[in-house]
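Here's the structure, in structure tokens; my notes come after.
The figures that follow rest on heavy atoms only: side chains count, while hydrogens, waters and symmetry mates do not. Residues take their numbers from the sequence shown, with the count starting at 1.
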Amino acid sequence: MSLELNERIPNNVNLSEDPKLLRALEKWLPDYQSWWREMGPEGFQDTDVFLRTAISVDAKGWAHFDHVKMPDYRWGIFLTEPEAEKKIGFGDSYGQPAWQEVPGEFRGMLRRIIVTQGDTEPASVEQQRLLGQTAPSLYDLRNLFQVNVEEGRHLWAMVYLLHRYFGRDGREEAEALLERRSGNPDKPRILGAFNEPIRDWLAFFMFTMFTDRDGKFQLFALAESGFDPLARTTRFMLTEEAHHMFVGETGVARVIDRTVHLMRQDKNEDARAQGGIDLPTIQRYLNLWYSVSADLFGGEISSNAADYFASGLKGRYQEERYSDHLGLEGIYPMQVLENGRLVEQQVPLRNALNEVLRDAYIADCQRGVDRWNRILRAAKIPFEFTLPDRKFHRQVGIFAGQHFSLEGTPIAAAEWAARRDAWLPSPSDLAYVQTLMHPVRERGQVANWIAASRGVSGRPFDFDYVRLN
Ligand code: BYC
């Protein structure tokens with residue numbers, strides 16, 4: 001694959017050899033730039049930011065770090081190297097050559113998957129567009145922008161597929177990706193969590209911990225795709241995605257670290273009295289963002305998921321770990337609600353694949369929460385963060401519209417209403433956290449409610465990550 005780094009659209013897909021496609025993408029580029037100026041980080045479009053830019057897919061040297069203004073960021077199209085004689089790894093076409101063009105019979109389904117994936121990327125930038133105004137340090141400000149520009153690149157990754165493989169309707173979908181708006185009731189983003197406002201930095205860290213982690217698992221499932229260009233582009237997106245989850249997990253860890261410190265300073269161990277965020281509030285934020293992110297895996301019993309798998313378009317997380325790649329053997333025992341009681345139902349595996357992916361996600365979230373708990377244990381603080389039961393506060397799937405406690409016990413609507421504010425951020429929690437959101441813009445300084453961190457790419461925390469005049 002040849003690298004075209006100096007073109008208007010950097011790429012490793014030989015764009016210069018396909019003038020029609022190049023023209024179509026160059027036509028989309030100014031629309032994308034207008035969207036970025038309108039909906040990207042507000043107030044920082046002319047600021048120099050220390051950013052990582054993808055310049056190849058080589059594991060050793062794929063990124064370049066430098067100060068750039070975000071509108072000048074080199075959003076490129078990069079797919080991992082093709083594999084010789086690649087085969088479809090699962091589903092009804094298992095073992096046949098991977099598709100290099102869209103299989104006609106699956107065109108609609110494939111377009112839908114690509115559009116859904118693509119839609120989340122600009123949505124998250126929109127959700128985060130005001131956060132720069134209250135960043136707790138220049139380091140955090142830079143990380144926010146890093147995440148934002150890379151979500152922009154991930155949009156490019158999906159738009160490339162739409163333009164290259166789906167003709168006119170692909171181009172129309174690419175336009176529509178710039179027209180929907182997060183949280184706008186008339187033209188909302190497709191998936192629920194991407195219409196939730198991200199009002200403060202604790203929400204941002206929870207989002208990058210839990211919602212970006214949905215991204216990880218969805219991208220892994222798409223990286224198995226029999227449609228090879230989708231597999232190769234999502235594989236490379238995962239390289240960037242790792243940093244986003246790092247921002248979330250370490251962000252929350254730094255809040256916990258600071259809370260512990262502030263509790264020690266206070267005679268009542270009251271973190272709020274010292275201007276920090278108390279542990280129960282952090283738990284409530286966790287409950288919210290974990291549950292809205294769990295919804296992103298779709299319904300527990302899903303014929304869509306079965307079709308995606310059967311057609312070879314969307315696989316399982318690390319498909320190679322399984323021996324039955326047809327997914328025809330086996331059943332998935334699942335809890336379902338029947339007349340207000342939880343009973344076990346045997347679901348054919350293919351119909352339970354959203355739940356199989358959610359299982360892997362939950363295990364991964366738990367590992368992160370365990371690392372947060374280690375901070376508390378080391379400080380001898382008798383508090384433990386827990387993930388709520390998967391049925392808690394769900395808006396999608398078989399548990400939507402029902403009420404469950406944090407432990408997953410069915411409860412009546414009145415009990416839910418009475419306990420809601422103990423389980424999810426209450427209006428007063430949100431208002432309190434909002435009072436802490438003041439920007440800290442001096443080099444090396446950090447807000448009172450969060451600990452400092454190591455720096456980026458060998459630089460110290462005290463570095464001009466963002467040059468504010
Ligand atoms: N909100 O069979 P069902 C990321 C709809 S994140 C609203 O249960 P299915 C990122 C569904 O469309 C990863 N609607 O679900 C992270 C269907 O509608 P129709 C994004 C929802 O289809 C941070 C109906 O409910 N990538 O990258 O098996 C920052 C019943 O569908 C929701 C992907 O999601 C929801 N949460 O699964 C930036 C991968 N869930 O048919 C980026 C591509 C379901 O009745 N997407 N519905 O009109 C998919 O594979 C699937 O669409 C889903 C849903 C897993 C999302």
Check: Can any side-chain N or O of D324 pair as donor or acceptor with the backbone N or O of E329 at less than 3.5 Å?
Finding: yes
Check: Taking C-beta and beyond as the side chain, do L22 and E7 meet within less than 4.5 Å on heavy atoms?
Finding: no
Next item on the list: Starting at CD of E173, measure out to CD of E179 and round the result to the nearest 0.5 Å.
Entry: 10.5 Å
Next item on the list: Give me the ring orientation class for H67 and F50: parallel if the planes are under 30° apart, tilted from 30 to 60°, perpendicular past 60°.
Entry: tilted
Item checked: Other residues, nucleotides, ligands: >12 heavy atoms within 6.0 Å of R321 CZ -> yes
Item checked: Residue Q346 excluded, over 12 heavy atoms near CD under 6.0 Å -> yes
Item checked: Contact check, side chains of L191 and D119, non-hydrogen atoms, under 4.5 Å -> no
Note to self: Under the criterion salt bridge (charged side-chain N to carboxylate O under 4.0 Å, His left out), I'd like the reasoning laid out for E101 against R164: C-alpha separation, chi angles, the key distance, then a yes or no.
What the structure shows: CA-CA 10 Å; E101 294 293 332; R164 165 70 180 78; 3.0 Å; yes
Note to self: I want to check something: taking the side chain as every heavy atom from C-beta on, are W416 and H393 in contact at a cut-off of under 4.5 Å?
What the structure shows: yes
Note to self: Pair I301, Q345 - check side-chain contact (heavy atoms from CB on, under 4.5 Å), show working.
What the structure shows: CA-CA 11 Å; I301 304 169; Q345 185 179 321; 4.0 Å; yes
Item checked: Ring centroid separation F106 to F227 under 6.0 Å -> no
Next item on the list: Could you tell me whether the side chain of N11 and the main chain of I9 form a donor-acceptor pair under 3.5 Å?
Entry: yes
Margin query: On the six-membered ring of Y322, is R316 placed so that its NZ or CZ lies under 6.0 angstrom from the centre and within 45° of the ring axis?
Written below: yes
Notebook entry, point to check: Is the number of heavy atoms from other residues, nucleotides or ligands within 6.0 Å of CG (D58) greater than 12?
Noted result: yes
Item checked: Note: R358-E355 ion pair, threshold 4.0 Å (strictly below) -> yes
Checklist line | Min side-chain heavy-atom separation R341-P410 under 4.5 Å | finding: no
Checklist line | Sub-4.5 Å side-chain heavy-atom contact between K391 and L342 | finding: yes
Notebook entry, point to check: Quick one: does N354's side chain have a donor or acceptor within less than 3.5 Å of a partner on G299's backbone?
Noted result: yes
Checklist line | Derivation and outcome, side-chain contact (heavy atoms from CB on, under 4.5 Å), residues T386 and Q283 | finding: CA-CA 8 Å; T386 49; Q283 176 70 59; 4.0 Å; yes
Next item on the list: Measure from the side-chain N and O atoms of R74 to the backbone N and O of L5, and report whether any donor-acceptor pair falls under 3.5 Å.
Entry: yes
Notebook entry, point to check: Run the side chain to side chain donor-acceptor pair (under 3.5 Å) check on E150 and H244 step by step: do they pass?
Noted result: CA-CA 9 Å; E150 285 175 350; H244 306 186; 2.7 Å; yes
Next item on the list: If the plane angle is over 60° it's perpendicular, under 30° parallel, otherwise tilted; pick one for Y465 and Y139.
Entry: perpendicular
Note to self: For K187, I'd like to know if atom NZ has over 12 heavy atoms of other residues, nucleotides or ligands within 6.0 Å.
What the structure shows: yes
Next item on the list: Give a yes or no answer on whether the side chain of R189 reaches the backbone of L177 with a donor-acceptor pair at less than 3.5 Å.
Entry: yes
Next item on the list: Examine distances only and state if a side-chain atom of Y361 and a backbone atom of F210 form a donor-acceptor pair shorter than 3.5 Å.
Entry: yes
Next item on the list: Apply the test side-chain contact (heavy atoms from CB on, under 4.5 Å) to residues R459 and R142: give CA-CA distance (whole Å), side-chain angles for both, the deciding distance (0.1 Å), then the verdict.
Entry: CA-CA 13 Å; R459 273 73 173 180; R142 175 265 168 206; over 6 Å; no
Checklist line | Evaluation steps, salt bridge (charged side-chain N to carboxylate O under 4.0 Å, His left out), between R350 and D92 | finding: CA-CA 11 Å; R350 280 190 177 185; D92 294 344; 2.7 Å; yes
Margin query: Test side-chain contact (heavy atoms from CB on, under 4.5 Å) on L15 and E4; report intermediate values, then the result.
Written below: CA-CA 8 Å; L15 270 188; E4 299 180 347; 3.9 Å; yes
Check: Are V336 and V343 close enough that some pair of their side-chain heavy atoms sits under 4.5 Å apart?
Finding: yes
Next item on the list: Specify the closest pair of heavy atoms between L326 and G91, including all atoms of both residues, with the distance to one decimal.
Entry: CD2-O, 3.2 Å
Next item on the list: Before giving the answer on salt bridge (charged side-chain N to carboxylate O under 4.0 Å, His left out), spell out for R390 and E300 the whole-Å C-alpha distance, their side-chain angles and the decisive distance to 0.1 Å.
Entry: CA-CA 11 Å; R390 69 179 74 199; E300 286 72 10; over 6 Å; no
Next item on the list: Answer yes or no: is there a side-chain heavy-atom contact under 4.5 Å between Q128 and V147?
Entry: yes
Margin query: For the backbone of A305 and the side chain of S302, can you confirm whether one donor and one acceptor N or O come within less than 3.5 Å of each other?
Written below: yes
Next item on the list: Measure the spacing between CG of L161 and OG1 of T233 and express it to the nearest 0.5 Å.
Entry: 5.5 Å
Note to self: Before we go on, tell me: are the rings of W36 and Y73 under 6.0 Å apart, centre to centre?
What the structure shows: no
Check: Just by distance, do the side chain of S225 and the backbone of L313 share a donor-acceptor pair under 3.5 Å?
Finding: yes
Next item on the list: State plainly whether the residues D364 and R367 are in salt-bridge range, i.e. N to O under 4.0 Å.
Entry: yes
Margin query: Tell me whether E240 is salt-bridged to R52, with the criterion being a basic N under 4.0 Å from an acidic carboxylate O.
Written below: no
Next item on the list: Could you go through the ring-ring contact (aromatic ring centres under 6.0 Å, His included) check for F78 and W156 one step at a time?
Entry: CA-CA 10 Å; F78 297 101; W156 272 94; over 10 Å; no
Note to self: In terms of relative ring orientation, are F383 and F385 parallel, tilted or perpendicular, with 30° and 60° separating the classes?
What the structure shows: perpendicular
Margin query: Among W28, Y32, Y160, W35, which residue satisfies the ring pair (Phe, Tyr, Trp, His ring centres under 6.0 Å) criterion with W75?
Written below: Y32
Notebook entry, point to check: Is the side chain of Q100 donor-acceptor paired with the backbone N or O of D228 at a distance under 3.5 Å, no angle test?
Noted result: no
Check: Do S56 and N12 get their side chains close enough for a donor-acceptor pair, meaning under 3.5 Å?
Finding: no
Item checked: Ion pair E319/K314, N-O distance below 4.0 Å -> no
Note to self: Distance check, rounded to the nearest 0.5 Å: T234 atom OG1 versus L222 atom CG?
What the structure shows: 5.5 Å
Checklist line | Verdict with reasoning, R181 to E126, per salt bridge (charged side-chain N to carboxylate O under 4.0 Å, His left out) | finding: CA-CA 7 Å; R181 290 285 180 274; E126 292 166 3; 3.8 Å; yes
Next item on the list: Using a cut-off of 6.0 Å, state whether more than 12 heavy atoms not belonging to E105 lie near its atom CD.
Entry: yes
Notebook entry, point to check: How many angstroms lie between atom CG of N287 and atom CG of L406, to the nearest 0.5 angstrom?
Noted result: 5.0 Å
Check: Which heavy atom in F399 sits nearest to a heavy atom in L337, and how many Å separate them?
Finding: CE2-N, 4.4 Å
Check: Looking only at atom types and distance, does a side-chain atom of D295 sit under 3.5 Å from a main-chain N or O of Q395, one as donor and one as acceptor?
Finding: yes
Margin query: Any carboxylate oxygen within less than 4.0 angstrom of a Lys/Arg side-chain nitrogen, looking at R112 and D307?
Written below: no
Next item on the list: Please round to the nearest 0.5 Å and tell me the distance separating atom CG of L353 and atom CG of N351.
Entry: 8.0 Å
Checklist line | Distance in Å, F297 CZ paired with I362 CD1, rounded so as to fall on 0.5 Å steps | finding: 8.0 Å
Note to self: I want to check something: taking the side chain as every heavy atom from C-beta on, are P122 and M39 in contact at a cut-off of under 4.5 Å?
What the structure shows: no
